[in-house]
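To start, the structure itself, in structure tokens.
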Amino acid sequence: MPSHDPILLILDLDETLIHATETPIGREEDFQVGPYFVYTRPFLTEFFHACHQHFQLAIWSASTMSYLAEVVENILPTGMELEFVWSRKRCIQRYDPEWQNYYYLKDLKKVKRKGFSLERMLIVDDTPQKVSRNYGNAIYLHPYFGEVEDEELARLSRYLISLKNLPNVRSIEKRTWKKYF
Ligand SMILES: [Mg+2]
């Protein structure tokens, strides 16, 4: 894939773009999926539109495909297309002996196999553990739990757009982005 193609931006879903909970949080939900009350993160629609102008977009979640597909249908602006929507099936399951639980990893090697370049790929997630194999491609944001005053996505879109022409996204430090945006 030539380097002048737009960077591929892979977005996590839960606690990154939305918050879904079986217990309502005291204000009206944006929509429901199965037993879940779903709250979209403030600026989500603006975020999609801003990023869509400059990036190829994809969503990769460690949730099930049936839940994921229904949420995406509710949040994606009409007519907008994604490169892919991947569920937990594409994740790698690992056991954490310290916390004695299983967790899911997103390994960008799988995306590379589809023909995308690792130098031109960013993954946004609220859980560093999930992208630990590719921290050089990762951008972290605060987990979203339904706060109405949250501004992470507005800040993040400004930051992402500042990276859009980087030949190699892995060459720069990204952990400190919130100091500047
Ligand atoms: Mg998440």
Side-chain angles (χ1 to χ4, degrees), residues 7-25 29-48 50-52 55-77 80 82-96 98-111 121-157 159-160 169 174-175 177-178 181:
I7 287 174
L8 175 67
L9 181 63
I10 304 165
L11 304 167
D12 174 45
L13 188 68
D14 286 302
E15 278 69 65
T16 292
L17 303 182
I18 59 145
H19 174 58
T21 169
E22 289 185 84
T23 315
I25 58 170
E29 73 279 5
D30 292 296
F31 56 94
Q32 288 185 27
V33 171
Y36 298 103
F37 298 88
V38 184
Y39 302 86
T40 56
R41 197 163 203 164
F43 306 103
L44 178 59
T45 302
E46 294 91 329
F47 178 80
F48 271 127
C51 290
H52 189 249
F55 300 97
Q56 305 180 81
L57 296 179
I59 292 180
W60 192 354
S61 163
S63 64
T64 62
M65 187 50 99
S66 57
Y67 163 84
L68 171 59
E70 209 173 325
V71 173
V72 170
E73 200 180 304
N74 274 280
I75 62 173
L76 197 67
M80 192 173 284
L82 300 172
E83 296 301 314
F84 57 82
V85 177
W86 282 3
S87 70
R88 132 182 345 171
K89 274 197 177 158
R90 303 272 188 155
C91 297
I92 296 163
Q93 198 178 31
R94 284 282 173 275
Y95 184 69
D96 182 339
E98 190 182 340
W99 293 91
Q100 301 188 355
N101 61 13
Y102 287 95
Y103 64 97
Y104 292 97
L105 280 177
K106 300 170 184 175
D107 190 335
L108 294 183
K109 257 194 293 188
K110 295 193 177 188
V111 185
M121 195 187 299
L122 289 165
I123 186 162
V124 174
D125 210 297
D126 65 291
T127 314
Q129 188 185 47
K130 290 214 176 78
V131 286
S132 55
R133 289 197 177 172
N134 305 99
Y135 57 86
N137 296 85
I139 296 170
Y140 309 117
L141 73 184
H142 278 307
Y144 175 62
F145 295 108
E147 303 87 340
V148 287
E149 69 280 10
D150 183 278
E151 293 183 350
E152 291 278 281
L153 291 182
R155 298 170 69 190
L156 181 65
S157 64
Y159 173 56
L160 289 169
V169 298
K174 291 178 282 302
R175 282 173 297 187
W177 73 269
K178 281 189 217 169
F181 288 88

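Start at 1 and go down the list; that is how both ligands and their atoms are numbered.
Across every non-hydrogen atom of Met80 and Phe48, the tightest pair is CE-O, 3.7 Å. For Leu44 against Thr40, the heavy-atom pair with the smallest separation is CD2-CB, 4.0 Å.
Among heteroatoms of the N, O or S kind in Asp126, OD1 lies nearest the Mg ion (ligand 1). Here the N, O or S atom of Asp14 that is nearest to the Mg ion (ligand 1) is O.
A distance of 6.0 Å separates CG in Leu141 from CG in Leu156, rounded to the nearest 0.5 Å. Atom-to-atom distance recorded for Leu153:CG and Thr16:OG1 is 8.5 Å, nearest 0.5 angstrom.
Among the atoms of Glu15, no N, O or S atom falls under 2.8 Å of the Mg ion (ligand 1). Within the 2.8 Å limit, Asp12 places at least one N, O or S atom next to the Mg ion (ligand 1).
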